[in-house]
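In what follows, a structure is listed as structure tokens, so that the remarks can point back to it.
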2 protein chains.
Amino acid sequence: MKQQEVFKAMADPTRRAILKRLQGGPLTAGEIGEAFDITPASLSHHFAVLKHADLVRTERRGQYIVYSLNSTVFEDLARMLLDLFPTKGKVGGK
Amino acid sequence: MKQQEVFKAMADPTRRAILKRLQGGPLTAGEIGEAFDITPASLSHHFAVLKHADLVRTERRGQYIVYSLNSTVFEDLARMLLDLFPTKGKVGGK
DNA sequence: TAGATAATTAGATATTTTTCTAAATATTGC
DNA sequence: GCAATATTTAGAAAAATATCTAATTATCTA
């Protein structure tokens, strides 16, 4: 996992909101965009950041591009955090 | 928990390294600084960010200021992340 | 109280990030 | 192939962040 990329991606509220929207299942870029008062170009930038962090996956479906969550990385991240603080029941113990 | 503050705090590699150093137990600002090639002023800025996010606690001991981890917030954050991705065994379920 | 040490605050600059507009690419359907 | 729609890429401007030097605050000790 690219720790730095993941943390940077999560640091922006718009990007976290995008992830939130994807909890209900895959959506096209346009569908995600409906919820935000931001240009498609800016949104696209956020997608790129999320994708680079491997937090979302994409798939072209005709003229649409469908985004979906990559849950695996969230697990990794949560584990990493739990691992970052001492004492208390260590999880994986890499 | 101030979600935004916490994520922003975690986004910087120097700050994550500071947290890492504190895993072994409380340290003074100076002791923490030894590990970084950065001025005390810059370090102090990072401390302020971590403190504002409630990730660390401070206590003055004589002329020193002692920093320690606030594990509680890490737990909150990890929980929040686990909660952010769908399906799979929900944790707290607020 | 004066000098030394630890740390922070103030103010400036450099870098990074977010956002925008405009232009480009991909795909559909006539 | 052409117009329309969906999305991304390029390039620039605006906003936020990290870093520095210099000055300030707090504490200790001689």
Scan nucleotides 23-30 of chain C nucleotide by nucleotide, 5' to 3', and note B when protein non-hydrogen atoms come under 4.0 Å of the base, S if they reach only the sugar-phosphate, - if neither. ---SBS--
Summary of ring-ring contact (aromatic ring centres under 6.0 Å, His included) pairs that have at least one residue in residues 8-57 of chain B, sequence neighbours excluded: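 Listed by first then second residue: B:Phe47-B:Tyr67.
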May I have all residue pairs that pass ring-ring contact (aromatic ring centres under 6.0 Å, His included) and include part of residues 3-24 of chain A, sequence neighbours excluded?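 For residues 3-24 of chain A: none.
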Output the rounded distance in Å from CD1 (B:Ile32) to P (C:dA7).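 After rounding, the gap between these two atoms is 9 Å.
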B:Lys8 NZ to C:dT17 P, straight-line distance once rounded to whole Å: 13 Å
Side chains of B:Met10 and B:Leu77 in contact at under 4.5 Å (non-hydrogen atoms):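 In short, these two side chains touch, coming nearer than 4.5 Å.
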Could I get the full list of ring pair (Phe, Tyr, Trp, His ring centres under 6.0 Å) partners for A:Tyr64, not counting sequence neighbours? none
Output all residues satisfying side-chain contact (heavy atoms from CB on, under 4.5 Å) with [X], sequence neighbours left out; order by chain, then residue number.
X       : value
B:Asp76 : B:Met1, B:Thr72
A:Pro13 : A:Arg16, B:Gln4
B:Arg61 : B:Glu59, B:Val66
B:Ser44 : none

List the residues meeting side-chain hydrogen bond (donor to acceptor under 3.5 Å, both in side chains) with A:Thr58, not counting sequence neighbours, and say none if there are none.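 side-chain hydrogen bond (donor to acceptor under 3.5 Å, both in side chains) check on A:Thr58 returns A:Lys51.
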Checking B:Gln3 now: which residues fulfil side-chain hydrogen bond (donor to acceptor under 3.5 Å, both in side chains) with it, not counting sequence neighbours? none
Given that A:Gln4 and B:Gly30 both sit by DNA chain C, which one's nearest nucleotide is further toward the 5' end?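 Going by which nucleotide is closer to the 5' end, it is B:Gly30.
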Expected output is a numbered-order residue list: members of residues 36-51 of chain B with a heavy atom under 4.0 Å from any atom of DNA chain C. What is it? B:Pro40, B:Ala41, B:Ser44, B:Phe47
Name the first nucleotide and the last nucleotide along DNA chain D (5' to 3') that come under 4.0 Å of a heavy atom in chain B.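 The protein-touched segment is D:dT17 to D:dC28.
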